[in-house]
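Structure first, then comments.
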Amino acid sequence: MSAALRLPHLWSRRTRRLAMLALAVIALVSALTQLPAWSLADLRAFDYLSTVDDPRPPAGGPVVVAIDEPSLAEINAQWPWPRELHGRLVESLRKAGATAIGLDIIFAEPSNPASDAAFAATLGPDVVLAGDESVIVTPQAEQLLRTTPLPAFTEAGAVTGIASIALGGDGVFRDLPRYADGFALALARIAGKPAVSPEGKLLQSFGPARSYPTVSYYQALDPENMLPQDTFKGRVVIVGLSLQNAPVINSGGADAFATPYTVHTGRLVAGAEIQATILDNLTAGAAITRAGTPLAITAVTLAALLSAAIVRRATRWQTVVLSVLASAVLGLLSFALIREANLFVSPIGPTIALLLVAAGQTALDYAEERRRRREIVRAFSQYLSPALVERLARDPSQLKLGGERRTLSILFCDVRGFTTIAETMKDDPEQLTTLINRLLTPLSDIVLKHGGTIDKYIGDCVMAFWNAPLDDEDHARHAVAAALDMLDVMATLNAKLQAEAAASGSSYHALRIGIGINTGECVVGNMGSSQRFDYSVLGDAVNLASRLEGASKAYGVPLLIGESTAKLAAADFAVLELDRITVKGRSVAAPVFTAIRGLPEEAKALHARFVEDKYAGRLTVDDAAFDTLIEAAPALAPYYATIRTEHVAGGA
């Protein structure tokens, strides 16, 4: 098999799922970017990014001669003004040194013949007159209608330039006009300025209305007296409506349009100033190319892969921070491409792809975490206390299923004389079941209270362990504390049972338990078949704990603990060695101990000498140590009595 075929098998389940998610997001976003509504969103992003740094017109650009309110008031003539007045303006601008003159006014219909003749006499190849092109849509057909200046004006040498602009679906002018005889292109040719093709180019807007150098019409009629010297020298001049009170976008206005900069001001820009902006876009290298579909899809793909890299290992709170930062970086990259490469690659598609991959993987991880949490709660609710189950569910990394070696403290608790009790209650199995449940419930609660894990119930026996599945550094101490609490609760339970028996006139059976605890290395994990298993422990340490529980009967004590447990719990309890024994299944004698809550140091020392004498065979049946220790440690009185009766007397 080739490496190419083997590679997918080396991927983790998470990686494969993430790859599928990324591919799905790339396909989805790439398809959505072709929708008109998405295109409008991309263009709105362009509006912000292309104007966020408040760009201004290049130096040496066109000068706008505004037909504005002051001019209307100063000239004091009804609009449209006599055409010989425009002729005077052309002569004045030509005399002032203008290299090209553009009149963004359509002279398509004749006026006063004398006025038209006077105007035509001033025209020449340095003058561009505006034309218009529009599409008339009827139910029958679409008709292209082109409006041009009177032939007499073009015959006089004037150049026709189509000043029409196409607005986007949201009413904003962004796409440079594609006319080969466009108004701005004609001015560029006359001025001798090389211009780029407007095909597929977006407009770089230069500020709000009146950002270009603007003078009033009446001032341009007499520049020597009303304007600074050389205002028009060597400049392209564009004449047109440019009202000082620029109309707002929702009210419209005469020859005024929304541009990318309108997103900041909400105000329209005059047509003459838009033509000046188009001219600078074509001649100053400011026009911006919009990325085609292949480049846009590539950007989406790279963003999705970046997001996949962010969430490849895990999704945490840092994922949100990294995703936000990555989204900001995408916006900055888009802005940098506009400024440094005159290329617009929309950040919306890549940003959406990045966030979708991150959000999708986060959702999958959340669902997976919830599934694992339910499994853990279901699997361990019968073994652990609710608090520990919750802790394990919050952090499943603390759990290693399938078997691991751990040092555990194992506890076995068994009811003494249960066979006799069961025999006396053989005719009432329900009562026997109730009795066992009343016994096992408080014992189990104590195990869980001390952080233990209940392994199983074996009839009247409880098996539990500490330090798995959650770490417990004080597992031996907690196991011994649980055992002592279990012994204490038996007194309370027996008192209740005795009172109930007296009230009902039934027989009373005192319950007694024996407990064995041992600490050692075990294998803990899921044990059983592939169809049914339990979380349990195996090992020699488990067997010894069970043997200790059984051996406790021979020493007259309810609790017997192993040597390792004794060492670990000695700091918190009075741990006393009782004997060295060889339990069933083991060939080596080992010391066994018991634990009580407290014992004076003098009594501990006395007990230690007692055990030494016992090992050395120096004890006698009438040794005073027996009576002294029974008085000093009454909890161990049965043990001392057992030693006196069975060992000393038996060996005498």
Side-chain angles (χ1 to χ4, degrees), residues 56-107 111-112 114-116 118-130 153 156 158 161 163 183-184 187 190-191 193 206-247 253-256 267-277 279-280:
R56 291 298 164 173
V63 176
V64 175
V65 173
I67 301 173
D68 54 9
E69 293 91 347
S71 298
L72 292 171
E74 187 69 25
I75 293 172
N76 195 23
Q78 185 178 359
W79 182 264
W81 291 332
R83 287 177 179 170
E84 67 265 23
L85 184 64
H86 297 310
R88 283 177 49 198
L89 177 67
V90 170
E91 290 180 337
S92 175
L93 293 173
R94 188 179 288 137
K95 183 179 178 180
T99 59
I101 302 168
L103 278 72
D104 189 14
I105 306 169
I106 296 178
F107 301 103
S111 65
N112 182 281
S115 181
D116 287 347
F119 179 50
T122 64
L123 300 177
D126 60 342
V127 178
V128 178
L129 300 179
F153 298 155
F183 188 85
L187 285 172
I190 293 172
K193 296 183 176 183
F206 296 114
R210 291 296 177 108
S211 292
Y212 275 87
T214 303
V215 299
S216 292
Y217 189 101
Y218 79 93
Q219 294 173 319
L221 289 172
D222 186 13
E224 292 182 359
N225 297 317
M226 292 191 173
L227 295 173
Q229 188 177 4
D230 298 334
T231 298
F232 301 115
K233 186 174 182 180
R235 307 289 284 274
V236 173
V237 179
I238 299 176
V239 183
L241 284 172
S242 181
L243 301 176
Q244 290 187 15
N245 296 322
D255 196 28
R267 306 187 72 82
L268 305 178
V269 178
E273 196 162 355
I274 284 180
Q275 294 298 333
T277 306
L279 178 61
D280 273 343

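Bear in mind the structure is a predicted one, so any value in this text is a computation, not a measurement.
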Report task. Flag the pair Leu89 / Leu85 as yes when at least one side-chain heavy-atom distance between them is below 4.5 Å, and no otherwise. Result -> no
Query raised in the report: Just wondering, do Trp81 and Leu72 contact through their side chains at under 4.5 Å, heavy atoms?
Result: yes
Query raised in the report: Which residues pass the ring pair (Phe, Tyr, Trp, His ring centres under 6.0 Å) test with Phe107, sequence neighbours left out?
Result: His86, Phe119
Report task. Could you verify whether a donor N or O on one side chain and an acceptor N or O on the other, from Thr277 and Asp280, lie under 3.5 Å apart? Result -> no
Query raised in the report: With a 4.5 Å limit on heavy-atom distance, are the side chains of Thr231 and Pro223 in contact?
Result: no
**Report entry** Minimum-distance pair of heavy atoms, taken over all atoms of Ile190 and Pro125
**Finding:** CD1-O, 3.3 Å
**Report entry** Nearest-0.5 Å distance that lies between atom CD1 in Ile101 and atom CG in Leu93
**Finding:** 5.0 Å
**Report entry** salt bridge (Lys or Arg N to Asp or Glu O under 4.0 Å) contacts in which one or both residues fall within residues 72-90, not counting sequence neighbours
**Finding:** Arg83-Asp116
Query raised in the report: Between NZ of Lys193 and OG1 of Thr99, what distance do you get to the nearest 0.5 Å?
Result: 6.5 Å
Requested in this report: Decide yes or no for Pro208 and Arg267: does some side-chain heavy atom of the first lie under 4.5 Å from some side-chain heavy atom of the second?
Outcome: no
Report task. Mind listing the closest non-hydrogen atom pair of Arg235 and Gly61 along with its distance? Result -> NE-O, 2.7 Å
Query raised in the report: Does Asn112 reach the main-chain N or O of Ser115 with its side chain, forming a donor-acceptor pair under 3.5 Å?
Result: yes
Report summary line: Tightest non-hydrogen contact, residues Tyr212 and Ala276, listed as OH-O, 3.4 Å
**Report entry** Between CD1 on residue Ile67 and OH on residue Tyr217, distance to nearest 0.5 Å
**Finding:** 6.0 Å
Query raised in the report: Taking the side chain as C-beta and beyond, is there a heavy-atom pair between Arg210 and Ser242 under 4.5 Å?
Result: yes
**Report entry** Minimum heavy-atom distance between Gln219 and Met226, given as atom pair plus value
**Finding:** CA-SD, 3.7 Å
Report summary line: Here the gap from Asp255 atom CG to Gln275 atom CD, rounded to the nearest 0.5 Å, amounts to 8.5 Å
Query raised in the report: Is there side-chain contact between Arg94 and Val127, with at least one heavy-atom pair below 4.5 Å?
Result: yes
Query - With sequence neighbours excluded, residues passing side-chain hydrogen bond (donor to acceptor under 3.5 Å, both in side chains) with Thr214 - result: none
Query raised in the report: Could you give the distance from CG (Leu227) to CZ (Phe232), rounded to the nearest 0.5 Å?
Result: 5.0 Å
Query raised in the report: Would you say Glu273's side chain and Ser211's backbone share a donor-acceptor pair under 3.5 angstrom?
Result: yes
Requested in this report: Could you tell me which non-hydrogen atom of Leu103 sits nearest to which non-hydrogen atom of Phe183, and how far apart they are?
Outcome: O-CE1, 3.6 Å
Report task. Return the minimal non-hydrogen interatomic distance between Ala163 and Ala130, and the atom names on each side. Result -> CB-CB, 4.0 Å
Report summary line: Taken to the nearest 0.5 Å, the spacing of Asp126 CG from Leu187 CG works out to 10.5 Å
